[in-house]
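What follows is a set of notes on a single structure, which appears directly below.
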Amino acid sequence: MLCPSQVAKLRPVPRPLLSAARRLYDDLRCSISSSSLAQVSPCVDEDCSDFLPWLERKAGVEISSFLSVGKSVYGRSLFASKAIRAGDSILKVPFNVEISPDDLLPEIRSLNIGNVAKLAAVVLKEQKMGQDSEWAPYIRSLPQPEEMHSTVFWSNEELEMIKESLVYQRTIDKKVGMEREFSVLRHALDHQFPEVSKYMNFEDFMHACALVESRAWESSKGYSLIPFADFLNHDGLAKAVLLRDEQKQFSEVLISYGKFSNAILLLDFGFTLPHNIHDEISVTGEPDKQTTRKKAMGAYSNVRIQISVPLQDPLYKMKLYLLQRHCLQITCKFGFSKWSSDSFTIKEVRSVKGKGTGIPQSLRAAARVLSCTSLEELNDMEEEATQNDGRLGRRPLKNFNREIQAHQLLLSHITRLIDQYNASAKLMKPTGCPASKRDGIRRSMACELLAGELRNLKSAASWLVSYTTDR
């Protein structure tokens with residue numbers, strides 16, 4: 001079995017679009033808990049047996065004497081090929097063997113498309129050159145579309161499995177964005193490089209974008225692909241670990257891409273983790289720091305809670321005003337704004353008897369506003385906010401029954417979502433062998449995505465039940 005050995009530090013901090021320290025090369029240096037890690041034999045990857053020697057010849061320097069390319073359950077991976085001691089520099093990749101948008105002509109670099117699309121254009125160019133590309137060994141080593149499982153590659157029927165999660169809508173939005181950028185790129189190439197444009201299609205562009213999003217590193221120069229370093233795979237529990245398989249006699253070096261939920265991993269990387277401790281649910285409302293940081297990296301785990309101010313409510317205008325000013329963005333038609341930029345995050349509530357940490361105070365504040373039945377109550381809430389830190393409804397309502405009603409309102413909406421998730425889970429239960437290996441993999445990923453979001457919803461519901469019955 002695989003046994004993790006902790007690696008305390010690994011630089012640069014990875015990805016997606018990982019931040020890399022900039023010298024004349026990228027240097028990954030490790031500090032391990034034990035004095036050394038014994039050399040073991042990797043699972044040989046015949047397709048990449050000459051990859052590191054080729055890259056070192058191209059770089060003109062040694063890149064790694066500690067790692068080799070092999071295969072594991074994670075796919076193509078890096079394995080320890082000799083003893084690793086604390087402080088060893090296990091990997092150095094010179095800048096001259098990194099792929100960046102600098103390789104594009106100025107006419108393409110100046111296009112109004114994102115950095116991912118620009119680097120994807122470089123990948124497309126090298127792919128179309130085939131064996132004539134100076135990067136041919138690297139390009140051949142990259143996953144093919146059929147090996148990738150980001151939801152942008154899923155069929156409409158497969159996406160239906162995750163329709164309860166906002167990853168579903170995020171996938172649609174992402175493909176629309178890719179189509180727009182491809183149109184801009186294709187238009188420019190049609191006018192300036194028609195001989196290149198005629199060989200391009202959207203499916204190839206989408207594949208190139210997915211490769212960049214799942215493999216690129218971010219630096220002061222923008223985004224770069226760093227051959228060999230991007231064979232490092234992900235472990236969600238630590239900055240870096242070394243997995244040892246005593247039966248097969250190999251050790252695999254893993255790093256952490258970041259503290260990402262299964263929603264991010266599935267949409268941007270094409271995999272999920274069972275029992276991911278970083279799973280979370282974002283519902284419509286105000287953004288927090290964690291959500292804002294993740295927005296730049298891709299989609300995050302979302303579940304929409306539709307709680308609107310009834311049009312017939314006598315206090316409709318006042319409630320709408322307070323919610324827009326203090327809690328979240330509201331639209332008359334849709335209730336809570338459906339856009340993810342206005343969303344906040346529900347995390348797992350660890351203690352049923354605790355303070356409800358994991359349920360954002362702003363969501364509870366919104367419920368308190370909606371439960372008020374008099375103008376006096378609303379004015380009292382606003383005055384209390386003014387006298388304190390300016391945040392509305394962050395303290396329990398003075399009216400005990402109204403406080404209970406506010407949290408029962410939240411509980412009713414979360415309970416409804418739980419029922420919807422449970423219904424989806426029942427539909428995904430396999431009735432026989434999957435039609436293909438890919439179908440089985442994607443069904444498993446959908447189950448793990450929804451299971452993580454459902455776990456958080458249930459934890460919030462359990463806390464709300466306790467809050468509304470034990471007071």
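Counting only heavy atoms from C-beta outward, the side chains of R140 and Q131 approach each other to under 4.5 Å. No side-chain heavy atom of P360 sits less than 4.5 Å from a side-chain heavy atom of R364. The shortest side-chain heavy-atom distance between L78 and F66 does not fall under the 4.5 Å cut-off. Using a 4.5 Å cut-off on side-chain heavy atoms (C-beta onward), I441 and K437 make contact. Between D204 and K128 there is a side-chain heavy-atom pair separated by less than 4.5 Å. Counting heavy atoms from C-beta outward, I99 and W135 have side chains that approach closer than 4.5 Å. Contact check for V349 versus N456: no side-chain heavy atoms found under the 4.5 Å cut-off. Between K118 and I108, the closest side-chain pair of non-hydrogen atoms is not below 4.5 Å.
R442 places no side-chain N or O within donor-acceptor distance of the main-chain N or O of E158, the cut-off being under 3.5 Å. Under a 3.5 Å cut-off, the side chain of S214 and the backbone N or O of A210 do form a donor-acceptor pair. Using modelled atom types, no side-chain atom of S183 and backbone atom of E179 make a donor-acceptor pair closer than 3.5 Å. A distance-only check finds a donor-acceptor pair linking the side chain of W154 to the backbone of H149 [under 3.5 Å]. At distances below 3.5 Å, not a single donor-acceptor pair connects side-chain atoms of S444 with backbone N or O atoms of G440. With hydrogens and angles disregarded, no donor-acceptor distance shorter than 3.5 Å links the side chain of R76 to the backbone of F231. Although no hydrogens or angles enter the test, the distance criterion places a donor-acceptor pair under 3.5 Å between the side chain of S150 and the main chain of L267. The closest donor-acceptor contact from the side chain of S133 to the backbone of G130 lies at 3.5 Å or more, if one exists at all. Looking at H207, its side chain does come within 3.5 Å of a backbone N or O of P143 through a donor-acceptor pair. Distance alone, capped at 3.5 Å, is enough to place a donor-acceptor pair between the E56 side chain and the I63 backbone.
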I would like to know whether T357 and R350 meet side chain to side chain contact (heavy atoms under 4.5 Å, CB included); could you show each step before the answer?
CA-CA 8 Å; T357 301; R350 301 289 183 180; over 6 Å; no
R215 vs L225, side chain to side chain contact (heavy atoms under 4.5 Å, CB included): CA-CA, chis, key distance, verdict
CA-CA 7 Å; R215 311 181 79 82; L225 289 170; 3.9 Å; yes
Let me see the working for L189 and L185 under side chain to side chain contact (heavy atoms under 4.5 Å, CB included), right down to the final yes or no.
CA-CA 6 Å; L189 291 175; L185 179 62; 4.1 Å; yes
Using the rule given for side chain to side chain contact (heavy atoms under 4.5 Å, CB included), can you reason through N115 versus V212, listing the C-alpha separation, both sets of side-chain angles and the distance that settles it, and then say yes or no?
CA-CA 10 Å; N115 289 327; V212 170; over 6 Å; no
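Between L67 atom CG and L232 atom CG the span is 7.0 Å, to the nearest 0.5 Å. Atom-to-atom distance recorded for R455:CZ and E348:CD is 5.5 Å, nearest 0.5 angstrom. Once rounded to the nearest 0.5 Å, the distance linking CZ of F202 with CD of E181 reads 10.0 Å. Here Q420 contributes atom CD and S165 contributes atom OG; the two are 12.5 Å apart, rounded to the nearest 0.5 Å. In this structure, the separation between CD on E453 and CG on D279 is 7.0 Å, given to the nearest 0.5 Å. Atoms OG and CG, on S155 and D439 in that order, are 8.0 Å from each other to the nearest 0.5 Å.
Counting heavy-atom neighbours within 6.0 Å of K163 NZ, excluding the residue itself, gives a total of 12 or less. Other residues, nucleotides and ligands contribute more than 12 heavy atoms inside 6.0 Å of the CG atom of D419.
Looking at I139, D230, V123 one by one, the single match for side chain to side chain contact (heavy atoms under 4.5 Å, CB included) with L211 turns out to be V123.
The shortest heavy-atom contact between M178 and C209 is CE-CB, 3.8 Å. For the pair P94 and V61, the tightest heavy-atom approach, listed with the atom from each and the gap, is CG-CG2, 3.3 Å. Y168 and I162 get closest at one heavy-atom pair: CB-O, 3.4 Å. Contact between D268 and E213 at its shortest, heavy atoms only, is OD1-OE1, 3.9 Å. The shortest heavy-atom contact between K58 and V97 is CG-CG1, 3.7 Å. Taking all atoms of both residues into account, the shortest heavy-atom contact from L450 to M161 is CD1-O, 3.4 Å.
Here the two rings, on Y138 and F228, have centers that are 6.0 Å apart or farther.
The residues K92 and E62 are annotated as not salt-bridged, no charged nitrogen and carboxylate oxygen being separated by less than 4.0 angstrom. A salt bridge is absent between R438 and E147; no separation between the charged side-chain nitrogens and carboxylate oxygens falls under 4.0 Å.
No side-chain N or O of S224 forms a donor-acceptor pair with one of S100 less than 3.5 Å apart. At a cut-off of 3.5 Å, with distance as the only test, a side-chain donor of D173 or Q169 sits close to an acceptor on the other residue.
Below 30°, between 30° and 60°, or above 60°: for F260 and F269 the angle between ring planes is below 30°, a parallel geometry.
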